[in-house]
Amino acid sequence: MISLKVVLADMDMPNPTMLASGIMGETGGSLLAMAKGGAGALVTKSIGSVPRAGHRNPTLVELEHGYLNAMGLPNPGIEHFGKEMAEALMGGVPVVGSVFGATPGEFAELASRMEAYGAHAVELNLSCPHAEGYGMELGMDPEIVAGIVKEVRSRVNIPVFAKLTPNTHRLIEVAQAAEGAGADGIVAINTLKAMRIDVDMRRPVLHNLYGGLSGPAVRTVGVRCVYELYEALKIPIIGVGGVEDWRSALEYIMVGAAAVQIGSAVGRRGSQVFGDVCSGIHGYMMDNGIQQISQLVGVAHD
Amino acid sequence: MISLKVVLADMDMPNPTMLASGIMGETGGSLLAMAKGGAGALVTKSIGSVPRAGHRNPTLVELEHGYLNAMGLPNPGIEHFGKEMAEALMGGVPVVGSVFGATPGEFAELASRMEAYGAHAVELNLSCPHAEGYGMELGMDPEIVAGIVKEVRSRVNIPVFAKLTPNTHRLIEVAQAAEGAGADGIVAINTLKAMRIDVDMRRPVLHNLYGGLSGPAVRTVGVRCVYELYEALKIPIIGVGGVEDWRSALEYIMVGAAAVQIGSAVGRRGSQVFGDVCSGIHGYMMDNGIQQISQLVGVAHD
Amino acid sequence: MIERALTRQETVSVAAITEEAENVLTLRFDWDQLAAPGQFVMVWLPDVDEVPMSLSYIGGRKGITVKNVGEATKALTSLQVGDRFVVRGPYGRGYHLPQGKILAVGGGTGMASLLPAMERIPADRVDTAIGARTEKELIFEERAKGTSSNVRVSTDDGSKGFHGNAVQLAKEMMDASDHDAVIACGPEKMLYYLHQLCVEKGIPHQMSLERYMKCGAGLCGSCAIDGKRVCREGPVFSGEDLKEMKEFGRQRRDECGGRVRL
Amino acid sequence: MIERALTRQETVSVAAITEEAENVLTLRFDWDQLAAPGQFVMVWLPDVDEVPMSLSYIGGRKGITVKNVGEATKALTSLQVGDRFVVRGPYGRGYHLPQGKILAVGGGTGMASLLPAMERIPADRVDTAIGARTEKELIFEERAKGTSSNVRVSTDDGSKGFHGNAVQLAKEMMDASDHDAVIACGPEKMLYYLHQLCVEKGIPHQMSLERYMKCGAGLCGSCAIDGKRVCREGPVFSGEDLKEMKEFGRQRRDECGGRVRL
Ligand SMILES: Cc1cc2nc3c(=O)[nH]c(=O)nc-3n(C[C@H](O)[C@H](O)[C@H](O)COP(=O)(O)OP(=O)(O)OC[C@H]3O[C@@H](n4cnc5c(N)ncnc54)[C@H](O)[C@@H]3O)c2cc1C
Ligand SMILES: Cc1cc2nc3c(=O)[nH]c(=O)nc-3n(C[C@H](O)[C@H](O)[C@H](O)COP(=O)(O)OP(=O)(O)OC[C@H]3O[C@@H](n4cnc5c(N)ncnc54)[C@H](O)[C@@H]3O)c2cc1C
Ligand SMILES: Cc1cc2nc3c(=O)[nH]c(=O)nc-3n(C[C@H](O)[C@H](O)[C@H](O)COP(=O)(O)O)c2cc1C
Ligand SMILES: Cc1cc2nc3c(=O)[nH]c(=O)nc-3n(C[C@H](O)[C@H](O)[C@H](O)COP(=O)(O)O)c2cc1C
Ligand code: FES
Ligand code: FES
C-alpha cells in the first residue's frame with residue numbers, strides 16, 4: 001500500500017504538502033479551503049502582537065515566473081486570531097501557527113498563545129524581507145536566531161520550526177544555530193529581496209520599493225538551500241519556494257525535504273494544487289515501486 | 001539629437017549595452033559577432049592564469065525563465081588569449097578583459113596582461129558561484145575584495161571594475177570596500193547559487209551539482225541590488241541580470257546603472273539583442289523627449 | 001493545468017471622462033486586452049494607492065466608473081484627459097450570460113459591473129432596476145435603456161421613480177412578469193435581501209461582491225469570504241455559492257484581516 | 001522577438017537497438033517532440049557525460065546513431081533496451097530542403113544527420129554518395145537506397161565500391177549527371193574539399209559541421225566558428241556562410257577554448 005503519510009517532528013500529516021505562510025492564511029475560512037484542496041498541513045499567516053494593516057498598495061507584482069510581494073505582514077493580531085484558529089482546526093489536518101516579533105520574549109509570547117489556540121506547531125518567521133525590524137533583519141544573525149529559538153523552545157511544548165532567509169551566505173550557520181537552540185525543524189526558503197521598476201512611471205511598483213520574490217523563479221535557489229541544509233543538519237527540513245506540481249515537490253523531497261510548502265502556486269492553480277501534487281507523487285511512487293514517501297527523502301545525495 | 005552614448009569610467013561607448021562575461025566571450029570571432037550585433041562594449045570570458053577545461057557536462061540547464069550553469073570557468077589561459085583580444089579589438093567598441101584568480105597578485109598579473117593586450121578596462125570576477133577557490137568565495141569578504149582591487153589598481157592604468165555576487169547580505173559592504181580600494185565601477189549581479197534536480201534520474205542535473213541562475217528569473221534581484229548600490233556608492237554601476245529587452249534595460253538604468261550587460265538573452269535572441277535593446281531605448285527617449293541617456297540614470301530614486 | 005494565465009500590467013492614459021452623477025465619473029482608456037463582463041482591474045495611481053475597479057466598458061476602449069469615497073477614488077476622479085495610470089488584470093470570474101428573461105438589479109456604482117453583461121444580451125430579454133439614494137446619485141439610466149426593454153428606477157427619498165429601495169422595486173418587477181434569472185451588483189445589504197427574495201421565488205441568480213482587496217491575484221487572502229477569494233472565485237458568485245456563505249451579508253474584513261460586522 | 005522557444009529536457013528509454021557497423025549503433029527512443037532534419041540533441045548519461053548527437057530519425061520514435069570513440073559514446077553504445085537516458089533539444093538549424101536534383105554526401109556517421117532530410121525528398125530527386133574508410137565501417141547503405149534513386153559507396157581501402165574518398169566519388173557523380181544542390185555531413189576535411197568542389201562547379205550546398213559543444217544552447221561560445229555558433233546558427237551552414245569562414249577546415253577549439261589546427 002502506497003502511503004504519502006509524513007510524521008514531521010511528531011506532527012502526523014496525511015501527505016507532505018503544506019500551505020505556506022502568508023497565502024490564504026489570514027482567515028479560518030481560507031485555511032479550511034486549503035485543507036479541502038488537499039493540503040497535508042496548514043501554516044497560518046505570520047501573526048504579530050497587535051493588528052497591523054501592512055504596507056499600502058501596490059503590495060504585489062505579477063511576473064511571468066512568479067510574484068513580488070511586500071504585503072508588510074498585515075494581520076489581525078494574536079488577540080483576534082483565536083477565532084480563526086478554531087475554524088482552521090476543523091480542517092482535520094495539523095495547523096502550524098506562524099508568528100513574527102522583534103524580541104525573543106515577543107516571539108515566545110506569541111508562540112505560547114498559538115499553542116493555547118491549539119496549534120500543532122509554531123513557525124518562527126525569521127525571514128520576511130520587507131518589514132523593518134522583523135524577519136530577515138533578525139534571521140541573518142546566528143546568535144539572534146539562537147536566542148529567539150531558545151526562548152520559544154522553553155515556553156511551548158509543540159514543535160518549533162524556524163523559517164529562514166536565503167538572502168545571506170550564512171544560511172547554514174543560522175540553521176545550525178537554530179538546531180543547536182532546540183528547533184525541531186527548518187523551513188527554507190522565504191522570498192528573495194527584489195525590486196521591480198515601472199518604466200513608464202519611472203519608479204518602483206511596490207509602495208514599499210522592494211519586496212520578496214517567490215514562485216518558480218526561486219525554485220532552483222530553494223532546492224540548493226535545502227540540499228545544503230540536509231548535509232549540515234539532523235532535524236527535518238521543510239522545503240518551500242516555487243513548488244507548483246509533483247515534479248517540483250519531488251525536487252525538494254529528493255534533496256532532503258521531509259515536506260514541502262506551497263504558496264505562490266495557489267494564486268493561479270487554486271487550492272486543488274495540493275491534491276494535484278499529491279496524486280502526481282502517488283503516480284510516481286506507483287511507477288517506481290515506492291511504498292513510503294520517506295524512501296525518497298534525500299535520494300539526490302547518493 | 002538623441003544620443004545613447006555613454007562614458008563609463010573614461011571608456012567611450014556608443015550605447016549602454018555590453019556583452020556580459022562568459023557568454024560568447026571565449027574567442028575573438030564570437031566577441032566580434034556581438035559587436036556586429038550592436039553591443040556598446042564587450043566583456044571577455046573570465047580568463048585565468050592557465051588553460052582550464054571547466055566542469056564536465058552537463059554544464060547548463062535550460063529553464064523556462066532562465067538558465068542554470070556551472071561551466072566552471074573554462075578558458076584558454078591568459079597566455080593564449082592575446083590572439084583573441086587582437087581580433088576582438090577590431091570590433092571598434094571597448095573590450096573589457098574579465099579575469100579570475102585566487103590571490104591579489106594573480107589578479108594583478110592577469111589584469112596587466114589584459115592591459116598589454118589592449119583591453120580598455122578590466123573586470124574582476126569576484127562572484128562566480130561554482131568554481132572552488134575563486135569568485136564568490138573571495139567576493140563575500142570586504143577585506144579580501146579590497147586587497148585584490150588595491151593590488152590590481154596599483155598595477156594597471158585602465159579602469160578596474162569589480163563584479164560582485166548577490167549571494168550575500170554584505171553586497172553593499174563589499175562594494176564600498178571595492179570603491180574605497182580604488183575600483184572605478186561595480187558590476188552587479190553575477191548568478192544566484194542554485195540547483196536543479198532531475199526527478200527521473202534522482203540527482204542534480206549539473207555535473208558540479210550546483211551552479212548559477214541567470215536570465216529573467218534574477219532580474220528583480222539584480223535591480224534591487226543596483227538600487228541599493230546606487231544609494232551607497234559614488235562610482236558608476238553596471239547592471240546585469242535578466243536584461244532581455246529595452247524595458248528591462250531601462251529598469252536597471254532607472255535604478256542607477258550607467259550601463260547594462262546582457263548575457264543569457266544572447267542564447268535565445270542572438271547577437272541582435274543588443275541592437276534591439278538600443279532601438280527600443282531610442283524609441284522611448286524619442287517618445288519622452290529625452291536627449292541623453294544619462295538623464296534617465298537613477299530617476300527611479302526621485 | 002494552469003487555471004489562469006498571467007495578467008498584464010500596463011500604463012494607459014485617460015482618453016475621455018464622463019460625469020455620471022454627483023461624485024461619480026467614468027474614465028475611458030484604450031487597453032488592448034480581452035475582458036469578460038463582470039471582471040475587474042487593479043488601478044494604480046503612483047504615490048497614491050492601487051484599488052480594484054469593475055470594468056464598466058470592456059471593448060478596446062475600456063472604462064471604469066469611479067465613485068469618490070476616499071483618497072484613491074478622489075485622486076482618480078481628479079484625473080484629466082491625457083493623465084496616465086496603471087492597470088493590471090483583468091481579474092476574477094464574471095457573469096455567465098443567462099438564458100431567458102433577465103432582471104438586472106444595480107445599486108450605487110453596481111451598474112458599472114452589470115452593463116457590459118447586459119449589453120451582450122438582446123434588449124428584449126432584459127429588465128432593469130436601478131437603485132439610488134436620491135436622483136442626483138442615479139447613474140447609467142440612459143445607457144441601460146439602450147440595452148434593456150424595461151428600465152425602472154428607485155430612490156430611497158422618492159426624488160425619482162419608485163419610492164423605496166432597489167430590492168422592493170425588484171420584487172415589484174418580479175411580481176409583474178416572469179424572470180428566468182437575476183444578475184445584480186450593489187451594496188452587500190441590498191444583495192443580501194435580493195438573494196433571499198430570489199431564493200424564495202426560486203429564481204437562479206448571480207451577484208457580484210466586494211471585499212477589501214490587496215493583491216487582487218488570489219494570494220494574500222484579504223478578500224476571502226467563507227474561504228472563497230472574491231478576486232478569483234468571484235467577484236460574481238452564483239446563488240448556490242451565496243447560500244453556503246455564512247459571512248455573506250453579515251461580515252467583512254478590515255485591512256488587518258480583522259472581522260467587521262456589516 | 002524570441003527567436004527560439006525553450007527546448008525540453010526529458011528522460012527517455014531505449015526502445016530498440018540496431019547495429020549499423022562495427023562500433024556504430026542506432027538507439028531508438030520514443031520522444032514526443034517536433035524536430036527538423038539536421039537538428040541535434042544533447043544526450044545525458046548520468047555519471048558519465050552529456051554530448052551532442054544528430055537525430056538520425058525524427059518521427060515520434062526518434063533515433064541517434066552513435067559511433068564509439070570515447071567515454072560517453074562507449075557508455076551510450078553499451079546501453080540495453082529499457083535503459084534510460086536524458087535528452088534536451090532539439091537544437092540548431094537543420095537543412096532547408098532543396099529543389100531539383102540533390103546529391104547527398106555522407107562520411108562516417110554523417111549519414112545520420114542527412115537521412116531524415118533525404119527521406120523528405122522524393123527518391124527520384126536524390127543521388128547519394130556514402131564514404132567509409134573500409135567496408136566494415138559503412139553505415140545506412142540500405143536505408144539510403146530506400147530514399148535515393150542512385151546510391152554509391154566509396155571506401156578508402158577499396159574494400160567496397162569506389163576506391164577512394166567520398167569527395168572523389170562525389171566528383172565522379174557530379175560529372176556524370178547534373179545536380180542542383182548538395183547536402184553533406186562528415187569529417188571536416190571531407191566537407192572542406194567538397195565545399196571547394198561545389199564552389200568550383202557553382203553548385204549551391206549545405207553542410208553540417210561539428211564543434212566541441214558544452215551548453216548546446218547558444219550561450220557558452222565553445223562551439224564558435226568564426227563567431228558563429230554551430231549549436232544555434234548551425235550545425236547546417238550554407239555554402240555562402242562557409243565561404244566566409246576563415247576557420248572552416250583549418251581550425252577547431254579544444255575544451256578550454258584553445259585553438260587547434262585541423
Ligand atoms: C471587485 C471590486 C470592484 C469594485 N468596483 C468599483 C467600481 O466600479 N466603482 C467604484 O467606485 N468602486 C468600486 N469598488 C470599490 C473601490 O475599490 C473602493 O471604493 C476604493 O478602493 C476606495 O478607495 P479610497 O482610497 O478612495 O477610499 P478609502 O478611504 O481608502 O476607503 C473607503 C472604503 O472603500 C473600501 N476600500 C478601500 N480600499 C479598498 C480596497 N483595496 N479594496 C476594496 N475596498 C476598498 C473600504 O470599505 C473603505 O472603507 C470595487 C471594489 C471591488 C472589491
Ligand atoms: C552537432 C553534432 C552532432 C553530432 N552527431 C553525432 C552523431 O550523430 N553520431 C556520433 O557518433 N557522434 C556525433 N557527434 C560527435 C559526438 O558528439 C562525439 O563523438 C562525442 O561527444 C564524443 O564523446 P566521448 O566521450 O565518447 O569521446 P571523448 O573521448 O570525450 O572525445 C572524442 C572526440 O570527440 C569529440 N568530442 C568530445 N566531446 C564532445 C562534445 N561535447 N561536443 C563535440 N565533440 C566532442 C572531440 O573531438 C574528441 O576529441 C556530433 C557532434 C556534434 C557537435
Ligand atoms: C503574498 C505573500 C505573502 C507572504 N507572507 C508571508 C508571511 O506572512 N510569513 C512568511 O513566513 N512567509 C510569507 N511569504 C513567503 C511564503 O511563505 C514562501 O516562503 C515564499 O512565497 C516561497 O514559496 P512559494 O514560491 O511557494 O510562494 C509570503 C509570500 C507571498 C507570495
Ligand atoms: C553560461 C554562462 C557563463 C558565464 N560565465 C561567466 C564568467 O566567466 N565570468 C563572469 O563574471 N560571469 C559569468 N557569467 C555570469 C554573467 O556574466 C551574468 O552575470 C549573469 O549571467 C546574469 O546576467 P544574464 O541574466 O544577462 O545572463 C556566466 C553566465 C552564464 C549564463
Ligand atoms: S485580494 Fe489577495 S487574495 Fe484576493
Ligand atoms: S555549445 Fe555553447 S554556444 Fe554552442
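A note on names: the letters A, B, ... follow the listed sequences, proteins ahead of strands, and every chain is numbered from 1.
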Give, as side chain, backbone, both or neither, the part of [X] having an atom under 4.5 angstrom from any heavy atom of chain B.
X: A:Y252; result: neither
X: A:L250; result: both
X: A:L209; result: side chain
X: A:V221; result: both
X: A:P216; result: both

Mind ranking A:R247, A:M136, A:H301 by heavy-atom pairs under 4.5 Å with chain B and telling me who comes out on top?
A:R247
Using every non-hydrogen atom in the two residues, find where A:W246 and B:V199 come nearest and quote the distance to one decimal.
CZ3-CG1, 4.2 Å
Report the option among [options] that has the most heavy-atom pairs separated by less than 4.5 Å from atoms of chain A.
options: B:M195, B:M254, B:E228, B:M201; answer: B:M195
options: B:K193, B:R196, B:M140; answer: B:K193
options: B:V223, B:D287, B:V226; answer: B:V223

Could you look at B:I253 and say if it's the side chain, the backbone, both or neither that has a heavy atom under 4.5 Å from chain A?
neither
Is it true that A:R219 and A:E244 make a salt bridge, defined as a side-chain N closer than 4.0 Å to a carboxylate O?
yes
Taking the side chain as everything from C-beta on, heavy atoms only, tell me whether A:L192 gets closer than 4.5 Å to A:T165.
no
A:S214 side chain to A:T191 side chain, donor-acceptor N/O pair below 3.5 angstrom
no
With distance as the sole criterion, is a donor-acceptor pair present between the side chains of A:H282 and A:N15 under 3.5 Å?
no
Candidates A:V174, A:V145, A:I148, A:L124 - the one meeting side chain to side chain contact (heavy atoms under 4.5 Å, CB included) with A:L138
A:I148
Should the pair B:H65 and A:H65 be assigned to parallel (<30°), tilted (30 to 60°) or perpendicular (>60°) ring geometry?
parallel
